[in-house]
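One structure is given below, encoded as structure tokens.
From a predicted model like this one, the values you see are computed outputs, not experimental measurements. One is the number of the first residue; the rest follow in order along the sequence.
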Amino acid sequence: MAGIVAGKRALVLGVASERSIAWAIARRLAEEGASLALTYQNERLERNVRSLAESLPDAWLLPCDVAEDAQIEHLVQELRSRWDRLDLLVHSVAFAKKEELAGRYVDTSREGFRIAMDVSVFSLVALCKALEPLMGPGSSVVTLTYLGSERVVPNYNVMGVAKAALEASVRYLANDLGPQGIRVNAISAGPVNTLAARAIAGFTTMLQRVREVAPLRRNTEVEEVADAALFLLSDLSRGITGEVLYVDSGYHVLGMV
């Protein structure tokens with residue numbers, strides 16, 4: 001399967017550290033021959049992302065805060081200046097205020113709800129719209145979701161509601177972009193020990209519970225998510241769009257857990 005995305009041009013959003021799911025996907029794409037562009041949200045994260053990008057062959061780095069339309073427009077302009085097309089888009093972006101990820105969902109603030117939906121959901125819509133002219137037949141979009149979109153997960157709260165909206169957006173985007181030959185799918189990964197995940201109250205308990213009861217009796221490895229993303233981004237999945245692929249050691253099939 002070497003070179004399964006050779007010659008493809010990929011944009012990966014959401015790399016924050018070497019533990020990021022987005023970083024694992026970026027590495028996997030590079031190993032299989034893709035040319036890469038990575039983004040960073042702000043100057044605080046730039047140093048980490050830049051050092052990671054420099055470890056990949058010919059990867060380049062661009063700023064993009066997905067909550068700012070002007071930055072998305074600038075991103076598109078920069079891509080156009082170097083590439084005549086975009087084949088692969090990885091959207092691994094989500095955010096909720098830390099205080100919204102503990103306690104009761106009913107206590108979510110209006111502003112906390114708005115921020116979570118804007119960054120975690122609308123950003124995918126905005127990126128697809130802005131990048132559509134660069135994409136075409138064979139292009140593939142992958143975003144990251146979680147089981148909290150369809151089941152109550154303690155303390156996941158507003159992020160679960162945002163992930164439900166994200167999955168609905170995947171279906172609507174798949175329908176809108178399908179006539180242009182652009183596919184849109186999501187991966188529902190099991191809990192992975194990333195910087196973002198550790199902001200959820202009780203995350204360590206969540207990892208332990210999955211390890212105890214999931215059919216495979218282990219937690220999800222970031223490399224497994226990256227391999228699934230490689231499949232959905234490659235031509236091997238050319239007949240698949242609008243889907244949510246679970247990579248969670250089978251945890252999602254359980255009833256009373």
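A single hydrophobic cluster is not seen to contain both Ile72 and Tyr40; linkage of ILVMFWY side chains at heavy-atom distances under 4.5 Å, directly or through other members, places them apart. In the hydrophobic clustering of this structure, Val192 groups with Leu245; members are Ile, Leu, Val, Met, Phe, Trp, Tyr whose side-chain heavy atoms approach within less than 4.5 Å, directly or through other members. Tyr146 and Phe113 are members of different hydrophobic clusters when ILVMFWY side chains are connected at heavy-atom separations under 4.5 Å. Linking ILVMFWY side-chain heavy atoms closer than 4.5 Å, directly or via other members, places Val66 and Leu86 in a single hydrophobic cluster. Note on Tyr156 and Val93: separate hydrophobic clusters, where clusters join Ile, Leu, Val, Met, Phe, Trp and Tyr whose side-chain heavy atoms are under 4.5 Å apart, directly or indirectly.
Heavy atoms only, all atoms of each residue included: Leu101 and Ala96 are closest at CD2-CB, 4.1 Å. Pairing each heavy atom of Arg85 with each of Gly7, the nearest pair is NH2-O, 3.0 Å. Of all non-hydrogen atoms in Glu32 and Gly3, the two that sit nearest each other are OE1-N, 2.8 Å. Taking each heavy atom of Ala174 and Thr241 in turn, the nearest pair found is CB-OG1, 3.4 Å. Nearest heavy atoms, Tyr251 versus Pro215: N-CD, 3.8 Å. The two residues Gly255 and Arg151 have their closest heavy-atom pair at O-NH1, 4.5 Å.
Distance alone, capped at 3.5 Å, is enough to place a donor-acceptor pair between the Ser17 side chain and the Arg19 backbone. The closest donor-acceptor contact from the side chain of Glu243 to the backbone of Ile240 lies at 3.5 Å or more, if one exists at all. Put simply, the side chain of Asp87 gets close to the backbone of Arg9: a donor and an acceptor are under 3.5 Å apart. Not one N or O on the side chain of Ser20 forms a donor-acceptor pair closer than 3.5 Å with the backbone of Trp23. Thr220 contributes no side-chain N or O that, together with a main-chain N or O of Ala189, makes up a donor-acceptor pair within less than 3.5 Å. Judged purely by atom type and a 3.5 angstrom limit, Ser249 uses its side chain to pair as donor or acceptor with the backbone of Arg218. For Ser237 (side chain) and Leu232 (main-chain N/O), a donor-acceptor pair under 3.5 Å exists by modelled atom type. Gln41 contributes no side-chain N or O that, together with a main-chain N or O of Asp65, makes up a donor-acceptor pair within less than 3.5 Å. Using modelled atom types, no side-chain atom of Ser188 and backbone atom of Val244 make a donor-acceptor pair closer than 3.5 Å. Side-chain atoms of Arg114 never come within 3.5 Å of backbone atoms of Glu111 as a donor-acceptor pair (strictly under, hydrogens ignored).
Expressed to the nearest 0.5 Å, how far CD1 of Ile115 lies from OG of Ser120 amounts to 10.0 Å. The distance from atom CG of Leu127 to atom CG of Leu173, rounded to the nearest 0.5 Å, is 10.5 Å. Put simply, CG on Leu62 and CD on Gln71 are 11.0 Å apart, with the number rounded to the nearest 0.5 Å. From Met117, atom CE reaches atom CG of Leu166 across 9.0 Å, with rounding to the nearest 0.5 Å. Here the OG1-CD1 distance, from Thr143 to Ile187, works out to 9.0 Å after rounding to the nearest 0.5 Å. Rounded to the nearest 0.5 angstrom, Lys8 NZ and Ser140 OG are separated by 9.0 Å.
Between the side chains of Gln208 and Glu212, a donor-acceptor pair is found at a separation under 3.5 Å. No side-chain donor from either of Ser139 and Arg183 sits under 3.5 Å from a side-chain acceptor of the other.
Applying side chain to side chain contact (heavy atoms under 4.5 Å, CB included) to Ile25 and the options Leu144, Leu36, Leu230 leaves one that passes, Leu144.
Between Lys129 and Glu132 no salt bridge is recorded (no basic side-chain N to carboxylate O distance below 4.0 Å). Between Asp107 and Arg104 there is a salt bridge, since a side-chain N of the basic residue sits under 4.0 Å from a carboxylate O of the acidic one. The residues Glu167 and Lys163 are annotated as not salt-bridged, no charged nitrogen and carboxylate oxygen being separated by less than 4.0 angstrom.
Contact check for Glu100 versus Asn157: no side-chain heavy atoms found under the 4.5 Å cut-off. The side-chain heavy atoms of Leu233 and Leu29, taken from C-beta on, include a pair separated by under 4.5 Å. Side-chain contact between Val210 and Asp248: absent, with no pair of heavy atoms (C-beta onward) separated by less than 4.5 Å. Contact of the Ser35 side chain with the Asp58 side chain is not registered, since no non-hydrogen atoms from C-beta on lie closer than 4.5 Å. Between Arg82 and Leu79 the shortest side-chain heavy-atom distance does not fall below 4.5 Å. Residues Val121 and Leu124 are not in side-chain contact: their nearest non-hydrogen atoms beyond the backbone lie 4.5 Å or more apart. At a threshold of 4.5 Å between non-hydrogen side-chain atoms, the residues Pro63 and Glu43 do not count as touching. At least one side-chain heavy atom of Thr39 sits under 4.5 Å from a side-chain heavy atom of Leu11.
For CZ of Phe231, the number of neighbouring non-hydrogen atoms (other residues, nucleotides, ligands) closer than 6.0 Å is greater than 12. Atom CZ of Arg238 sits in a sparse spot, with 12 or fewer heavy atoms from other residues, nucleotides or ligands closer than 6.0 Å. Within 6.0 Å of the CG atom in Asn42, the count of heavy atoms belonging to other residues, nucleotides or ligands exceeds 12. No more than 12 heavy atoms of other residues, nucleotides or ligands shown are found within 6.0 angstrom of CD on Glu18.
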field: Derivation of the side-chain contact (heavy atoms from CB on, under 4.5 Å) call for Met135 and Val141
entry: CA-CA 10 Å; Met135 297 188 289; Val141 179; 4.2 Å; yes
- request: Using the side-chain contact (heavy atoms from CB on, under 4.5 Å) rule, take Val153 and Met206 through it: C-alpha gap first, then chi angles, then the decisive distance, then the call.
  value: CA-CA 9 Å; Val153 174; Met206 185 189 303; 3.7 Å; yes
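In this structure, His252 and Tyr246 have parallel ring planes: the angle between them is below the 30° cut-off, well short of the 60° mark.
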